[in-house]
Amino acid sequence: MSQIFDLDMIKAVYSRYPSRVAAARKAVGRPLTLTEKILYAHLWDGDAKSAFGRGKDYVDFAPDRVAMQDATAQMALLQFSTTGRKKVAVPSTVHCDHLIQARVGAKQDLQDALNKSNEVFSFLESISNKYGIGFWKPGAGIIHQVVLEQYAFPGGMMIGTDSHTVNAGGLGMIAIGVGGADACDVMSGLAWELKWPKLIGVKLTGKLSGWASAKDVILKVAGILTVKGGTGAIVEYFGPGAESMSCTGKGTIANMGAEIGATTSTFSYDDSMRRYLKGTGRTEVAALADAIAEHLQGDPEVYADPAKYFDQVIEINLSDLEPHINGPFTPDLAWPLSKFAAAVKENNWPAKLEVGLIGSCTNSSYEDLTRSASLAQQAVDKKLKAKSEFTITPGSEQVRYTAERDGILGTFDKMGGVVLANACGPCIGQWARHTDDPNRKNSIITSFNRNFSARNDGNPNTHAFVASPEVVTALAIAGDLTFNPMTDELVNEEGKKVKLDEPKGLELPPKGFDVKDAGYKAPAEDGSKVEVVVKPDSERLQLLEPFPAWDGKNITGAVVLIKAKGKCTTDHISMAGTWLRYRGHLDNISNNTLIGATNFFNGKANEVKSQLDGSYGPVPATQRAYKAAGVPSIVVGDQNYGEGSSREHAAMQPRHLGVKAVLVKSFARIHETNLKKQGMLALTFANEADYDRIQEDDRIDFTDLTAFAPGKPLTLVLNHKDGSKETIQVNHTYNAQQIEWFKAGGALNIIRAQQKG
Ligand code: MIC
Ligand code: SF4
């Protein structure tokens, strides 16, 4: 296996640890959690004293790495290319995984993607080559699995332009999902700021056995904390249960921490990580980590009395943990397996299971595949024919190659499974699902992490559930959502009743991992001569124009483009699926702006009233008309607005179309930052009930924007159609620097001026 991780960088990080941890302990005056150690070891200015006690403040950090996936890298690198820098300041990689559609199977699908998205892949390859960025070509694997296998290291700090960057927490990192503009800062050699997080401790005792797996830990945690419960927090898992789990199992838990809104999750360095590092060809990294192992774990006093050190503590006994199935439509609706069948009946969800899908960045480790294959083998042995369609998405070429060599993929094939490309595919709506009738309510179950409405196949009638790969496999064999493999029997092809035995798997391949072509391309030493082509008439790529600076005036007479009702995720604001096509072309992708959001005033998606002529029309066209007419507008939203993806398009598109502010009950972290970065106003109702005061025909005046200052609420006057007026307060979390971004029309305008100046 080629060695592409940066050993010198890791050595440099580790050499800072002993003194940084000692200084932090002194500043804080008590034992430290692992999270705190990693954060203090990565302070931009190294000054523990000044960082300590900054409470809810933003603090500057120096991440070690940047990872980007194809669908977000385009915008990140288009922004980077305007800064004037010659090379990235920290090791960075691009991974081509989102733009591959699942249709018939790996080989054909990959070829189709290469044909269809050649322009974008070539752009990413050449721009990576130019700026010193490692390039993982289409088919190499899903970003988070590749990062775990190649780059993640205990105690490191990484940012990535994808919300599931947090996956690397399974290998003891602080790995955080961000928008492309944040990545651009770090690649430009600037500090990266994050609000000092709250700490949630999850103590794991006992040991997983039988049908329960690591996925069930996070499915249960999601049920406890909900999609908002982790907001602003880093979740630290510890205890004997954590140590008894595989490293990739920890990765699964950290991965799906994105679904509870957590900033990230992490685990202390232990033997499972050591085994995984060695198993993936990184014996040197394991040796380096061993040398400072005490710093790559929380202090023993912390784990002995967690309530004293964490803001919240949850305890889970793995020995009692029941498998869970979460859904539909939201990842936090958690059902223990024994209660699920009744829930399906009570809620009238379609019990017939049409497709079971395993794999993805969440669950495609060797352990996951062998455990699921053990069930597939039983199906063959016990003469059961899988009743549902069944697909497998390997996370990387390394895992796929090894699983093929070891006969695992062959076993799935015997059960009727279809192996898809090593890519996101159905997880991100890149799925040409064949269905007889899209209007029929139907059910699917996946081992992925998200199940928002219409996410996987673009069909709002699809009820998507999330579970472990082994539960997905068992249910696909049964073809029935109400089947409980722990207790129920199935009738085989000979009419005999049979029962599935517990799944069995292997943590790591006994013969080691292998791969012929991992799909990596190192960048040129000197990329200055590399030419990056963006055709002026391209419909997929567009060079960026700087956004205009604020005019220094209060906004007056703003109309309400849309008042979004209920869940409004980044999928609602900037849909994926077929729209992924335009991720490098801001103007074209803006045609999907908020088309998935439900209009509070008529309960419909993509139908809003134009204040120009009173007609109803699609959101993007209505907004384009406001922009052309010079009418300012705002977007109003509900709780946890912008939940889900890191895609900054959800912030850049409204900005590009001329929306001035987004006013909501609460924000998801990444989206709020993305809005700020792009020079938008991200505001929250001081009084949530004021959401109800916003009327369809309001004209809104900002009366004190000219005095915009940290910690000071803003005042809005709502001029209702009947002539009455109401004044409301809105809050914001902008610090002084972020207010400068707003004034300059976006953070990039400032970086550009600095790099050129
Ligand atoms: C997702 O899981 O929603 C994605 C697709 O990976 C996104 C990134 C994107 O929108 O490109 C994410 O989670 O950040
Ligand atoms: Fe890809 Fe799905 Fe993972 Fe996002 S969650 S990176 S779309 S596999």
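Counting convention: from 1, in listed order, for ligands and their atoms alike.
The pair Asp638-Lys567 does not count as a salt bridge, with every side-chain nitrogen at least 4.0 angstrom from each carboxylate oxygen. Ion pairing between Glu648 and Lys677 fails under the 4.0 Å rule for side-chain N and carboxylate O.
Between the side chain of Asn606 and the backbone N or O of Pro618, no donor-acceptor pair lies under 3.5 Å.
Between Gln69 and His98, the side chains place a donor N or O and an acceptor N or O closer than 3.5 Å (distance only, hydrogens not considered).
Within the cation-pi definition used here (under 6.0 Å to the ring centroid, within 45° of the axis), Arg65 qualifies as a partner of Tyr151.
By the ring-ring contact (aromatic ring centres under 6.0 Å, His included) test, Phe667 is found to be paired with no residue, residues two or more places apart in sequence or in another chain being considered. In terms of the side chain to side chain donor-acceptor pair (under 3.5 Å) criterion, His671 has no residue partners (sequence neighbours excluded).
In this structure, Arg371 CZ and Leu375 CG are separated by 8.0 Å, a value rounded to the nearest 0.5 Å. For the atom pair CD (Glu404) and CZ (Arg400), the distance works out to 4.5 Å, reported to the nearest 0.5 Å.
Near ligand 1, residues Gln69, Ala71, Thr72, His98, Asp162, Ser163, His164, Ile428, Arg450, Arg455, Arg583, Ser645, Ser646, Arg647 each place a heavy atom inside the 4.0 Å sphere around the ligand atoms.
At a heavy-atom cutoff of 4.0 Å, ligand 2 is contacted by the side chain of His98 but not by its backbone. Looking at Arg455 against ligand 2, only its side chain comes within 4.0 Å, counting heavy atoms.
Side-chain atoms of Phe153 and Met173, non-hydrogen and from C-beta on, do get closer than 4.5 Å to each other.
Within the protein, the N, O or S atoms lying under 2.8 Å from atom 3 (Fe) of ligand 2 are Cys361 SG.
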